[in-house]
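Reviewing the structure listed below.
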Protein chains: 2
Amino acid sequence: MDKKITIYDLAEALNVSPATVSRALNNHPSISFNTKKRIVSYAQSSGYRINKFAANLSKQKSNTIGVIVPKLNSPFMSDALSGIEKVANEHNYNLIISQSLESEQKEKLNAKTLYDSGVDALMVSLAYETTNYEHFEIFREQKIPLLFFDRVDYFPNCPTILIDNRQAGFDATEHLIQQGCKNILHVSGYLKRNAYNNRFNGFKDALYKHKLKFTPYNLYETDLDPKKVEFVMEHIKNSKEKFDGIFFANDAMAVACIQALLKEGVQIPKDIKIIGFNNNPVSEIIQPNLSTINYPGYELGVLAGQSIISHLKGNINIQSAESILLKHELIVRTSSISNK
Amino acid sequence: MDKKITIYDLAEALNVSPATVSRALNNHPSISFNTKKRIVSYAQSSGYRINKFAANLSKQKSNTIGVIVPKLNSPFMSDALSGIEKVANEHNYNLIISQSLESEQKEKLNAKTLYDSGVDALMVSLAYETTNYEHFEIFREQKIPLLFFDRVDYFPNCPTILIDNRQAGFDATEHLIQQGCKNILHVSGYLKRNAYNNRFNGFKDALYKHKLKFTPYNLYETDLDPKKVEFVMEHIKNSKEKFDGIFFANDAMAVACIQALLKEGVQIPKDIKIIGFNNNPVSEIIQPNLSTINYPGYELGVLAGQSIISHLKGNINIQSAESILLKHELIVRTSSISNK
DNA sequence: TATAGTTACGCAATCGGTTGCGTAATATGT
DNA sequence: ACATATTACGCAACCGATTGCGTAACTATA
């Protein structure tokens with residue numbers, strides 16, 4: 001069992017042609033039941049293993065899906081990847097995962113590598129930095145299905161999967177307003193990324209609807225790295241009119257800020273009401289428990305996986321770039337409620 | 001640019017042989033500098049892309065590393081994967097990641113698939129269930145480097161990368177003892193997995209050293225799913241001699257249990273001192289802050305990646321199955337200290 | 001200038017499946 | 001019994017790069 005066995009070996013041993021072996025193993029209709037049985041069982045007993053290199057070359061496909069994400073190790077993204085992997089695995093697709101680490105250049109390199117590796121499809125969540133998209137053109141030229149999730153941008157005929165960030169931002173903000181907040185700060189991620197931009201727009205929508213004024217002070221843009229919480233604190237303290245509510249674009253920063261605020265003696269939610277985004281596990285642990293928007297990472301991954309696989313299997317009209325908006329959910333916990 | 005360009009196209013256009021093109025593109029020494037320059041620059045301008053299917057077939061290698069983990073989406077594992085990916089990416093290796101979801105059967109299937117896909121190496125963190133290892137034999141037969149990390153088992157000539165769980169378990173337990181605990185409960189994961197078994201052994205070592213008695217009541221074995229915290233609580237309440245300290249084999253369960261205990265009016269650390277394991281981000285958020293053992297996932301991933309790539313590049317004697325033990329670190333926070 | 005040594009490249013086999021087309025053998029219809 | 005359809009399989013080209021071996025052209029040595 002040291003030497004690799006090929007279909008030629010099987011063919012010789014069974015006195016059939018390699019073509020017949022190949023067809024038998026692939027359950028091709030033009031091979032008789034008996035011959036198939038003979039071949040398949042002999043293949044098993046002899047320990048034959050297909051050589052995917054050869055199969056890929058001749059079929060020009062790899063049964064492999066490429067994924068590019070900013071970072072593997074965030075609760076949201078690892079949930080999403082887990083969902084994608086589960087679906088891919090069930091359909092016998094392999095997943096090649098790579099990280100852009102928020103760098104446009106690495107994203108481009110990864111895209112090239114995945115293209116060269118012959119992935120059958122590509123799923124992307126964009127890096128913070130990315131503003132130019134020509135590295136994806138080749139996929140379109142070669143008609144390789146391309147799908148964006150979570151961090152997306154407009155791309156003709158490309159399905160996107162994410163939640164309605166604008167509505168979610170609106171819901172979060174309106175919730176704070178309903179709890180009595182009048183001067184709300186929005187701590188946003190980079191606004192050029194759709195997710196954050198839309199949350200911000202939802203924020204403004206809610207202010208507008210409830211006739212609250214919006215000044216530049218009501219917005220603080222950051223990369224959402226919790227280590228930089230001090231800058232957020234500075235902004236909060238420097239504000240002329242004190243904020244009575246903060247809507248954070250993610251929970252990690254919200255939690256860091258809650259801890260900093262508590263240390264300063266600020267009472268939450270009495271002095272400032274706070275809501276986050278993502279329903280990160282820590283939101284249930286922090287005291288006070290953090291209100292947030294549930295962004296279902298795992299389900300998103302599953303849907304994204306299913307969507308791309310439908311495309312690959314041709315079940316779906318490839319033209320129809322359906323974009324899926326997942327339902328988000330406002331989760332009210334103690335950090336934002338007024339009667340306490 | 002619609003049709004794919006091959007080395008044959010380049011060869012024809014430049015009046016050289018395909019062999020020369022191939023060698024030029026691979027910077028083979030027997031091609032003159034000028035010819036190389038001609039070929040490389042023309043290849044670039046014409047938009048030539050290598051066909052890895054063909055290259056893989058002829059070289060019988062894929063520049064791809066397979067990874068099997070129990071679950072993608074735990075803080076520890078996604079950190080480790082992030083580290084692995086970073087290293088792999090830097091060395092131009094692709095990463096195919098698959099999840100066993102703690103099932104031995106899926107682990108076997110994934111191993112088969114990855115073998116068939118022609119990965120150049122395999123990195124594994126074992127599923128809870130796995131007791132039989134024959135699905136890895138084929139890798140050894142074919143001399144495909146195999147490495148285990150975190151959840152490992154003894155495998156001749158296979159490098160393993162993990163922390164010294166026994167010492168870590170000992171350190172955690174001794175810390176509780178030093179804080180005055182006399183009757184400590186150890187909430188363990190499945191003991192047939194080395195990581196948990198060794199933590200448990202370290203636990204017993206510490207009790208023995210400090211002449212504390214160990215009875216079956218001092219051990220509670222679980223799958224560490226925080227949803228099952230009630231069973232742990234039951235065990236705690238049913239114990240005849242009240243526990244004054246608990247050493248959890250992971251932070252997630254520790255946090256769940258702290259919340260349950262607090263709800264019951266138990267004071268931590270006054271009544272019960274608690275230490276976890278992993279240094280999960282939540283350990284810094286929970287009140288009281290959870291003492292724990294830092295298990296550096298990212299660094300582990302980086303080391304594991306470097307190790308397997310050294311093997312692949314032949315820098316290291318493949319025989320020498322070096323096993324790496326990472327340093328762990330006892331992190332003392334408020335959940336375990338006595339003067340409070 | 002004859003000989004040996006380099007340099008630079010081409011020939012052709014090889015990696016192992018896949019698949020369009022052709023055909024012998026058998027089945028079906030009248 | 002004869003024409004036609006169907007079944008079951010083989011032939012051989014093909015996918016696109018890699019590489020051992022051979023050799024023409026050129027350089028260095030005596």
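The chains referred to below are lettered A, B, ... by the order of the sequence lines, with proteins before strands, and numbering in each begins at 1. Quantities reported herein were computed from a predicted structural model and do not represent experimental measurements.
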Worksheet entry | Atom pair distance, as rounded to whole Å: CD in Gln60(B) and P in dA13(C) | 20 Å
Worksheet item: What is the distance, rounded to the nearest whole Å, between atom NE2 of His28(B) and atom C1' of dA17(D)?
Response: 14 Å
Fill in: For atom CZ of Arg23(B) and atom C1' of dG16(D), their distance in whole Å
15 Å
Discussion item. On DNA chain C, compare the nucleotides closest to Leu57(B) and Ala19(B); which residue's is nearer the 5' end?
Written reply: Ala19(B)
Discussion item. Looking at Asn26(A), I'd like to know whether one of its side-chain N or O atoms comes within less than 4.0 Å of OP1 or OP2 on dT18(C).
Written reply: yes
Worksheet item: Within the pair Thr35(B) and dC9(C), is there a side-chain N or O less than 4.0 Å away from OP1 or OP2?
Response: yes
Discussion item. Check the phosphate of dT19(C) against Ser58(A), side-chain N and O only, distance under 4.0 Å to OP1 or OP2. Yes or no?
Written reply: no
Worksheet entry | Distance in angstrom units between Asp9(B) CG and dA17(D) P, rounded | 9 Å
Worksheet, complete the sentence: Glu12(B) CD to dA17(D) C1', in whole Å, measures 17 Å
Discussion item. Suppose we call a contact any N or O donor and acceptor under 3.5 Å apart; does that hold for the side chain of Arg49(A) and the base of dG17(C)?
Written reply: no
Worksheet item: Base, sugar-phosphate, or nothing for Ser22(A), non-hydrogen atoms under 4.0 angstrom?
Response: base
Item to complete: Verify the ring-centre separation between Phe148(A) and Phe136(A): is it less than 6.0 angstrom?
Response: yes
Response to the item:
5'-most contact on DNA chain D (nearest-nucleotide basis), Lys59(A) vs Ile31(A), goes to Ile31(A)
Discussion item. Rounded at 0.5 Å granularity, tell me how far OG in Ser17(A) sits from CZ in Arg23(A).
Written reply: 7.5 Å
Worksheet item: Expressed in angstrom and rounded to an integer, what is the separation of Lys37(B) atom NZ from dC9(C) atom P?
Response: 14 Å
Worksheet item: What nucleic acid atoms does Val16(B) come within less than 4.0 Å of, heavy atoms only: base, sugar-phosphate, or nothing?
Response: sugar-phosphate
Worksheet entry | Nearest-Å distance for atom pair NZ/C1', residues Lys4(B) and dC14(D) | 15 Å
Worksheet, complete the sentence: With Ile84(B) as partner, the option from Leu95(B), Ile309(B), Asn89(B), Val302(B) fulfilling side chain to side chain contact (heavy atoms under 4.5 Å, CB included) is Leu95(B)
Discussion item. So does His28(A) get a backbone contact from the side chain of Asn26(A), meaning a donor-acceptor N/O pair under 3.5 Å?
Written reply: no
Worksheet item: At under 4.0 Å between heavy atoms, what does Tyr48(A) touch on the DNA or RNA strands: base, sugar-phosphate, or nothing?
Response: sugar-phosphate
Worksheet item: Of Leu25(A) and Ser17(B), whose nearest nucleotide on DNA chain C comes first from the 5' end?
Response: Ser17(B)
Practice prompt. Ignoring backbone atoms, establish whether Tyr8(A) has a side-chain N or O less than 4.0 Å from OP1 or OP2 of dT18(C).
Written response: no
Discussion item. So, OP1 or OP2 of dA8(C): does either fall under 4.0 Å of a side-chain N or O from Thr20(B)?
Written reply: no
Worksheet item: Sequence neighbours excluded, which residues qualify as side-chain hydrogen bond (donor to acceptor under 3.5 Å, both in side chains) partners of Lys71(B)?
Response: none
